[in-house]
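Here's the structure, in structure tokens; my notes come after.
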Amino acid sequence: MHFRVTILGSSSAIPAFGRNPSGQFLLHHDRGYLIDCGEATQMRIQQYRQPLRRLDAIFITHLHGDHVLGLIGLLSSMSVNNRLEPLTLIGPVGIKEFIDLNIRLTHSFLRYELHITELSNPDFTQAVFETEHLSVFPLPLQHRIPTVGFLFREKPRRKKFIASKAFADEVPPSHFHLLKQGMDAVLADGRKVLAEDYLAPPDPSLSYAYCSDTAYTESLIPFIQGTNVLYHDATFLAALSDRAEETAHSTAAQAAQIAELAGVETLLLGHFSARYRDLDDHLFEARAIFPETYLALDGYTFFISRPPGQPHAASQNEVTDPAEPEIPENTDQDSI
Ligand SMILES: [Zn+2]
């Protein structure tokens, strides 16, 4: 299996140049996860044809508006569209009050159960969400208000059954299910076959780390060591590292430095300031330090997979044309 992540928004603070506030739709084993929910996220989900019906959980990093102002609209629309399945929402302290207040004041009503978990002083070694195939861990980020990132990590996979060897040894296929489960089998002729002879080590588990918003912080590194794909705040270029420090954001170079130190395979840059129309410099700056870097632009979909016999690579394709660019009027308000 693989992860598929579609970028719904890559802008910081305000929409700019066709880039929207933060949001990503992640798919794994046919289950959907939304990470952050800036304004108009539900429109981006429609535009990029994301399977909202499969949405199981929403993960919110922090309460700055460009990461949460799309929540009420999305939650309401799902209710209007007759969603009945329960939904999990995990976010910082205050997220419950934010939702309850908005739902009440807008006279909205949710037809489904919304299970909210607020993270206060999270233990970064403990999963905050689990499925049969996946664990999600909070990540320590450093921002101006309490903020956590999220690591999506597959649970260890099963050992791989070597069917060709079993056929070669004339093991009847009716015994394969036992061997696959690690159980030895006795054949009709009395021959005993050992499961371990037909099981190969499993493929390594895949992982995706979402780290925005954050200043440069090496305390993050132990938790994302060896991650397949890292999405990291790259609000500014290195020329504005003072501004990055002041606003608790990162530069493209700092994102690349974290990727390099953490030994990840691929880096995605995002959360771009509205002061930059063109983002080529972000890419050049980061690739000078960490070559395997891509821009995580609105509408791009990245596959995190490991096809047998091929090296890992996140592929990218533009699902749809971004909207016409608009020039922001106040570029001082470019980073929340
Ligand atoms: Zn922020």
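Just so you know, ligand 1 is whichever comes first in the structure, and atom 1 is the first atom listed for that ligand.
- Contact annotation: Asp66 places no N, O or S atom under 2.8 Å from the Zn ion (ligand 1).
- Note on His143: its N/O/S atom closest to the Zn ion (ligand 1) is NE2.
- At a threshold of 2.8 Å, the Zn ion (ligand 1) has no backbone or side-chain N, O or S atom of His249 nearer than that distance.
- Counted by atom type alone, Asp298 and Tyr48 present zero donor-acceptor pairs between their side chains at under 3.5 Å.
- Scored by the salt bridge (charged side-chain N to carboxylate O under 4.0 Å, His left out) test, Asp281 finds no partners at all (sequence neighbours excluded).
- Between the Zn ion (ligand 1) and the N, O or S atoms of Asp213, the shortest distance is to OD2.
- Tyr208 and Glu154 share no donor-acceptor pair across their side chains, judged by distance under 3.5 Å alone.
- Expressed to the nearest 10°, the angle at the Zn ion (ligand 1) joining NE2 in His62 with ND1 in His64 is 90°.
- Between Tyr231 and Tyr210, the distance from one ring center to the other falls under 6.0 angstrom.
- Using a 3.5 Å distance cut-off with no hydrogens or angles, the side chains of Glu292 and Tyr294 do pair a donor with an acceptor.
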